[in-house]
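Heads up, the thing below is written out as structure tokens.
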Amino acid sequence: MMIFEVWEDEDGTTLSTVNNIAELKKKVLLSQNAKLLYRIEADSYEEAMIKYHHKMGWERYKPMKEE
């Protein structure tokens, strides 16, 4: 099981793993003023995206097709 976090800043929302959020902040790709909205537990990135879309009230997540 992995933990993903959803953060909000002036550019919108960001979903990523806990470790990657720290890196995004370090590289200033996520504002230091961003606020944590919620955490998602999921077995995969795809599962996290499905939960994220549902929580945000967006249409169902459709993974990109591999070619």
Side-chain angles (χ1 to χ4, degrees):
M1 183 74 58
M2 294 186 286
I3 307 276
F4 295 83
E5 293 183 338
V6 177
W7 288 77
E8 182 178 50
D9 67 9
E10 54 276 354
D11 293 328
T13 58
T14 300
L15 168 103
S16 196
T17 61
V18 173
N19 291 340
N20 196 49
I21 290 292
E23 284 298 311
L24 292 173
K25 285 185 170 187
K26 183 178 174 182
K27 295 176 181 175
V28 195
L29 296 172
L30 182 63
S31 168
Q32 294 299 319
N33 296 325
K35 67 177 186 172
L36 176 65
L37 295 182
Y38 52 88
R39 289 186 173 91
I40 295 173
E41 291 185 12
D43 289 322
S44 67
Y45 176 77
E46 185 173 298
E47 182 183 351
M49 287 299 289
I50 290 168
K51 291 179 177 184
Y52 175 50
H53 274 239
H54 179 75
K55 181 98 172 156
M56 297 300 284
W58 299 338
E59 73 175 57
R60 185 183 163 118
Y61 173 70
K62 297 174 191 146
M64 294 176 56
K65 294 183 181 180
E66 294 182 26
E67 295 187 39

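The distance from the CD atom of E8 to the CG atom of L30 is 11.0 Å, given to the nearest 0.5 Å. Distance CG/L15 to CD1/I21: 7.5 Å, rounded to 0.5 Å. Separating the NZ atom in K27 from the CG atom in N20 is a distance of 7.5 Å, to the nearest 0.5 Å. Rounding to the nearest 0.5 Å places CD of E47 at 6.5 Å from CE of M1. Note that CH2 of W7 and OG1 of T13 are 13.0 Å apart. Values are rounded to the nearest 0.5 Å. Separating the NZ atom in K25 from the CD atom in Q32 is a distance of 6.0 Å, to the nearest 0.5 Å.
The two residues E5 and R39 have their closest heavy-atom pair at OE2-NE, 2.9 Å. Of all the heavy atoms in D9 and A34, the pair that sits closest is CB-CB, 3.8 Å. Taking each heavy atom of A42 and F4 in turn, the nearest pair found is CB-CE1, 4.1 Å.
Inter-residue side-chain proximity for D43 and M2 is flagged as unmet; no heavy-atom pair is nearer than 4.5 Å. Under the 4.5 Å side-chain criterion, counting only non-hydrogen atoms from C-beta, Y45 is not in contact with Y52. Looking only at side-chain heavy atoms (C-beta outward), H54 and Y61 stay at 4.5 Å or farther from each other.
Both V6 and W58 are part of a single hydrophobic cluster, where members link through side-chain heavy atoms under 4.5 Å apart. Clustering ILVMFWY residues whenever any of their side-chain heavy atoms sit less than 4.5 angstrom apart, transitively, puts L37 in the very cluster that holds M49. Linking ILVMFWY residues whenever their side-chain heavy atoms come closer than 4.5 Å, directly or via other members, leaves V18 and L24 in distinct clusters.
Within a 6.0 Å sphere centred on CD of E59, other residues, nucleotides and ligands contribute 12 heavy atoms or fewer. No more than 12 heavy atoms of other residues, nucleotides or ligands sit less than 6.0 Å from atom NZ of K55.
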